[in-house]
Every structure is written in C-alpha cells, then in structure tokens.
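Just so it is clear, the structure is predicted and the values come from calculations on it, not from any experiment. No hydrogens, no waters, no symmetry mates; every other heavy atom, side chains included, goes into these values. Residue numbers start from 1 in every chain, and the chains themselves are labelled A, B, ... in the order their sequence lines are given, proteins ahead of strands.
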Amino acid sequence: MAKISAAQLKQLVEAAIFVADGPLTKEQLQNTVLQDLKVSKKQLDEALVELELDYRPRGIQLVEVASGYRFQSMDSLSPWLSKMWHEHVPRYSRAMMETLALIAYRQPITRGEIEDVRGVSVSSHIIKTLSERDWIKIVGHKEVPGRPALYATTRQFLDYFSLKSLAELPPIEEFVPPEQDDDELTLHLAQEINQTVSAPQDTSTDVNESEQTINQEQLH
Amino acid sequence: MAKISAAQLKQLVEAAIFVADGPLTKEQLQNTVLQDLKVSKKQLDEALVELELDYRPRGIQLVEVASGYRFQSMDSLSPWLSKMWHEHVPRYSRAMMETLALIAYRQPITRGEIEDVRGVSVSSHIIKTLSERDWIKIVGHKEVPGRPALYATTRQFLDYFSLKSLAELPPIEEFVPPEQDDDELTLHLAQEINQTVSAPQDTSTDVNESEQTINQEQLH
Amino acid sequence: MTDQPPIIDQAKEQSEPVQQPLPLAFVNGEAVIDKPEDLYIPPDALEVILETFEGPLDLLLYLIRKQKFDIVNLPILQITKQYMEYVDLMKDLKLELAAEYLLMAAILAEVKSRLLLPKRQDAEEDEDDPRAELIRRLKEYEAIKKVAEELDNMPRQERDLFTGHAAPDESVEPIKVLPDVTLQELVLSFQSALKKAKAFEHHHIEREALSTRERMSMILERVSRHHFTGFDELFEASEGKAGVVVTFLAILELVKENLLELVQGEPYANIHVKVSSVQEW
C-alpha cells in the first residue's frame, strides 16, 4: 500500500511506538515504518495528537520526551507498579550490626557512647539505615554538652525478632562460640551482660556462677 | 486505597502488563500490583476481558500466551514494523522445524526417536540452537540403555508462537492405518500424540516418575 | 524471463517434462517402469534438488507425491527402482551420500523381495504385508513434515508480531528487599563489639537491668519536652508490682542522669514529669 488511511496510520504509529526499543522521533517513524507510505508531516502530527488523546483516560500515556515519543505509565499508578520490581539490599556490615547490638543492649545510648565501645566512629549512614528500617529511634537527648541524641530500639525491632520485650534478648553467654581466644575477658563480659539482661530483680550471684560453671564445662 | 474502582483496576492492570518485563499471569498481577487491593478473581477477569475488547481495533492487542498476558502488535502490521530493525529475521531450516515439531507433538521424546521418524540423524547443532533459544529442554532420561535425554518444549516456545498451550498447535493428521497395518501400534501412537498435546501435565508427571526411578537406582 | 534463470528454475523446467508422463504410466503401480536415461537433469541443478531432501523418507514421499501414487497401495517395485536411480545419481555426483539413503535402499530391496515370495495359504491375510512398516513410517513422517510447515507459517515473534512495552513512569521505584538479620547475629555482634573495646575494663559497667533501660527509653518517648506529663500516668497497674518498681527505677535513673525533670506543686500534690531542658553548659 502506497497510501494509507488515517485509521491505519494511527494503528501503525501506535504499534511502532509500543514495540520500539526506545522513544521514537517523527523522523525515525518516517524513515522506518512509514518509509514506503506517503504520509505528510501534517498527517503524522494529527495521528500523534489523536493517539495522545485516545490514551488520556488509560493507564498508559503517550508522551514526548527528549528523544522522541513513548508510552509510559500514568504517574498516579506508581505506588502499585513499584511492587513489580524488587531490589535486594546487600547484607548489613559488621559495623552496622555492632551498632544495632549496642543500641539494643545498652539503650538509651548516644552515638558517642557507641563509638567509645567500638573504638571507631559510627557513620551517619549506619544510623540513617537503622532509622529507615524503623529499628532505632531517638528517644531523647542526653543533658551533657552538645545534647547528643539518645537512641533506643523500637517496637518494630522487637517485632522483627519476635520478641515481646527487650528482656527476651538472649543473654550473651549462650552464644559464646567454642575456642574463645580471650576466655577470661569473654567470661567476664558474659557475666556482666548476663546480670544486666536477666537480673532485673537482682538475681542471686549463685545462679550466675553456676550457669558459668556449666558453660565453662561445655567449652572444654 | 484498599478498594479500587473498576476503571482504576483496568488502568492498573493495563499499565502493569505494559511495563512488565515479560508476560504476566493473573497470579502475578494479584501478587504484585494488586497485592494490597481487594480484587476478586472475577473483577480481574472482567478487567482483562474489557481490556482485550478495548484494544481490538488498535494497533496493539492484548493476548494470553503460555506465560501470561502481554500486548503484541497486530500481525498484519509486521511488514512495516519489521523495518524498525536492521537485523534479518532468523530463518529456520526444515530439519530444524521438523525436529521442533516432533518435540512439540511427541514430547517427551529422545533424539533417537526423532531420528527414527525423520529417517536421518539429528545434528547436534539443531539441538543446541533449539536449546539456546529456550524452546526445548531436557526433562528427564529414558530408562533404556544409554539413558538418552528426553526433550520437551518450553513455555518460551509457546510464547514465541503466541500460544497458550500445546493444545493450540495445529492438529496433526492422525493417519488411518491401512487395513493390514499394525493397528495396535498406530493407535498407540495416535493416543500418545493426543495425550502429549492435550495433557502436558500428564507428561510432566511421567517424567518426574522416571526421574524418581533414576534417583532410586542411583541409591543402589 | 531473464537471460539466465536461476539454476533451480532450470532444473524444474527440465525435470518436469520428464516426470509428467509418469502418472499416466503408473496406475496403481502396475505399469511399465521408466528408463533411467530419461531422467536427464543438469548435474549442478540436480545437486541443488537432491540437497533439499531431508532424507530418504522425504525423497520417497517426493517420488510418491510427484506421481500421485496412493501411499496405502505403495507400488514398491516402481518406487524402489526410482529411488535407486536417485541414489545412483547422488553417487555419480559424489554427493556426500548419507548412510540413511543406503539403509533405505536395503529396506526397499528387502520389502520388494518379500513381496515377490509366494504367499503361504495359511498365513493370515493382512498381517503379513511387508510394506506395512514402510507405509506407516512414510505416513508418520508426512504428518510431521506437514505440521512442521504449518508451524513455520504460524505467526511468531520477531517475524510477524512484536511485543509492546511502555516505560514505567519515573516515580516507579523498585521495592527494596532488606537483608535478613537473625537474633544470633545480633548477639554475636554485641559480643564482638564488646570484645573490641580495649578500654572496656576501665569503664564503669552499668548494672541496670535491661528492662529498666528499656523502660527508660519508653518513658523518654512518652514524656514531652514541652508539656508536663502526670507522674502516675507512667505507671500501668496491670503490670503489677514488678512493673511499678521497674518504672520507678527507670524514672529515678532518668532524673539522676538529668534526662527528666520532676515537678511537684506542693506536698502530696500530683507529681509532673517533663523532659529536662536544663542546659548544663
């Protein structure tokens, strides 16, 4: 066909823009799909205007971008369409995990206090990531010079780990891996932590000691 | 919005199918874009039917293929649309098409069985090309000496030919055996064809069963 | 017509007059056999033709269809003869003759010889037709050949249809799948953090029960910097005595750390709590 009806032209232009690998300019349309058809500039313009109008009420819109015409989704549908793609965030770094752990076990705690324990500065990125995940939040400010923010874990944090309360956080010594290089220090720490975690009503020292004995035995 | 109007649903489904990277099934739609919206099976079906009708007069059509719904150009536009690409459309030899047809109609089938029907050997090049195009795959091994691979067609094969299922393949002539022919064998063949074409699920079960046999044997 | 028609056309033109009288000569396979000399085709053209056969079955089908034989009453003698002529031609042309062609020649010869043997009277009539298997194979191959052609003609991607796509709007952002963390990792991290702390031993270790620290966080969250909160609002009777004690300890701790301010208008009046705004510097 050397000539083409207005309806056919619209179908052809529509299909071409949909199947093209990228946006199409009017020139590209004339040089490819319309090559052997006598289509005037005006006819093509009209077809494009009509298509634009046809698609207004639809979920897909005909738009002209820098490199030509293309169809794109209605912007109001984005929140739902976003669910079609997933982006996997890489695993959390050691620094991130240690910061989270310190906030969990030592809350409310300032950034400076975390840095004191870890011996290195805590990057803003870490605090931001943990806050965005809704695992930590600022619960106040410490009344010391600079009034640093006090961080604590959130209910979402507890939910994520299926904990009813922080008291359910495991006492540390249960997780002491075998072959600790620094047994003495670890045991000492474990004791401190154990008391901190499981002894709100002042658990007797006897219990802790006996628990430690068991663990020591298990280590050997 | 936990509820959505019929018009909005149509827009959303339309946009989702257009922006998706491949065909979308109803289940995929429900599990992604419609996830938080209360959309019944019936509502979704209706939206799809309406969309299909909306696009009938357009240059692009909503079709259901094996892997789900997609939009594709009207095939009458292909002479013009194909001018958008410079590469030549791949052509396939008769040997390739006959091999593909045998795998499609007689799956699961071994290379030897293909050779028996065609009367010539099947080149490795053909099997390789068909596999690389993701049109065929190995679905098991036949429990005969040499344990030859059993080939079957894939969903991509159906998608490529715009088919929903193997049942949509053109019917194969079920030759009436000459009177003195071995009726039993021919009937058996015809039956096999029918089963293969109309009940891909059955085939896969058979394959699984044979695979299980294999595993069991390996244990001994 | 152009001056030099393509080779394949030439071949057709010259081969067809040769083959045209054949159907007249073969009626139900009971007629005189053609002479090989008649089958003159320019060698280079024949090569092209022969190479288009997909194998012996394809060649046999070609011979049968060309002469409008009924496949069911396959005239084995004539077909065998013609088949052998082609095979000889292929040999003459030094075409790489696939072994399959020779195998088929052997099969044809065997069928032919069995047909020539007198039938035994007591044999069941139809079961013994030596052509049956060949006929079955020919029909089966023909059926596949036909659907392969149909498949080739079906609308397909890249050639006849193209998939339509639209770009997602810029505001479409993939959902972030956040990494999983186990409780054990958390505990091990705490342990490693503490192990790292060289100066740990010099530090004062806080002895508060964790539940008190948790309660401290909760209270800080509930109490506003700007308004006073009733002291008793911080206690939950449902928590029992232990809960009240923990809350009380937490408030004392917060006051001690200058994080909370307590205000009481007069003795025994309600105590009010507010986040401390004391500036110590």
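- Atom-to-atom distance recorded for A:Glu168:CD and A:Leu163:CG is 5.5 Å, nearest 0.5 angstrom.
- Residues passing the salt bridge (Lys or Arg N to Asp or Glu O under 4.0 Å) test with A:Arg155, sequence neighbours excluded: none.
- At least one donor-acceptor pair under 3.5 Å links the side chain of B:Asp159 to the backbone N or O of B:Ser67.
- Note: B:Arg58 leads B:Gln61, B:Arg58, B:Lys10 in heavy-atom pairs under 4.5 Å with chain A.
- Side-chain atoms of A:Gln107 come within 3.5 Å of backbone N or O of A:Thr153 as a donor-acceptor pair.
- Side chain of A:Ser131 to backbone of A:Lys137: no donor-acceptor contact under 3.5 angstrom is found.
- A donor-acceptor contact under 3.5 angstrom links the side chains of B:Trp85 and A:Asp21, judged on distance only.
- Scanning residues 46-56 of chain A against chain B with a 4.5 Å non-hydrogen threshold yields A:Leu51, A:Asp54, A:Tyr55, sorted by number.
- The side-chain tip of A:Arg133 does not point at the ring of A:Phe157 from less than 6.0 angstrom away and within 45° of straight on.
- A:Glu115 places no side-chain N or O within 3.5 Å of a backbone atom of A:Val120 that could act as its donor or acceptor partner.
- Contact check for B:Leu44 versus B:Val13: side-chain heavy atoms found under the 4.5 Å cut-off.
- Within the 4.5 angstrom heavy-atom criterion, no atom of B:Pro79 approaches chain A.
- In this structure, CG on B:Asp45 lies 8.0 Å from OG on B:Ser40, to the nearest 0.5 angstrom.
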**Message:** Quick one, A:Tyr151 with A:Arg106, criterion side chain to side chain donor-acceptor pair (under 3.5 Å). Give me CA distance, side-chain angles, the key distance, then yes/no.
**Reply:** CA-CA 9 Å; A:Tyr151 293 95; A:Arg106 292 290 175 81; over 6 Å; no
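- Rounding to the nearest 0.5 angstrom, the gap separating the CG atom in B:Leu37 from the CG atom in B:Leu9 is 8.0 Å.
- A donor-acceptor pair is defined here as one N or O able to donate and one able to accept, closer than 3.5 Å; no such pair exists between the side chain of B:Gln8 and the backbone of B:Ile4.
- Among the residues in residues 70-78 of chain B, those with a non-hydrogen atom closer than 4.5 angstrom to a non-hydrogen atom of chain A are B:Ser73, B:Met74, B:Leu77.
- Heavy atoms of B:Ala20 lying under 4.5 Å from chain A belong to its backbone as well as its side chain.
- The stretch residues 22-32 of chain A places A:Leu24, A:Thr32 near chain B, each with some heavy atom under 4.5 Å from a heavy atom of that chain.
- Between A:Phe18 and B:Phe18, the ring-plane angle classifies as parallel under the 30° and 60° cut-offs.
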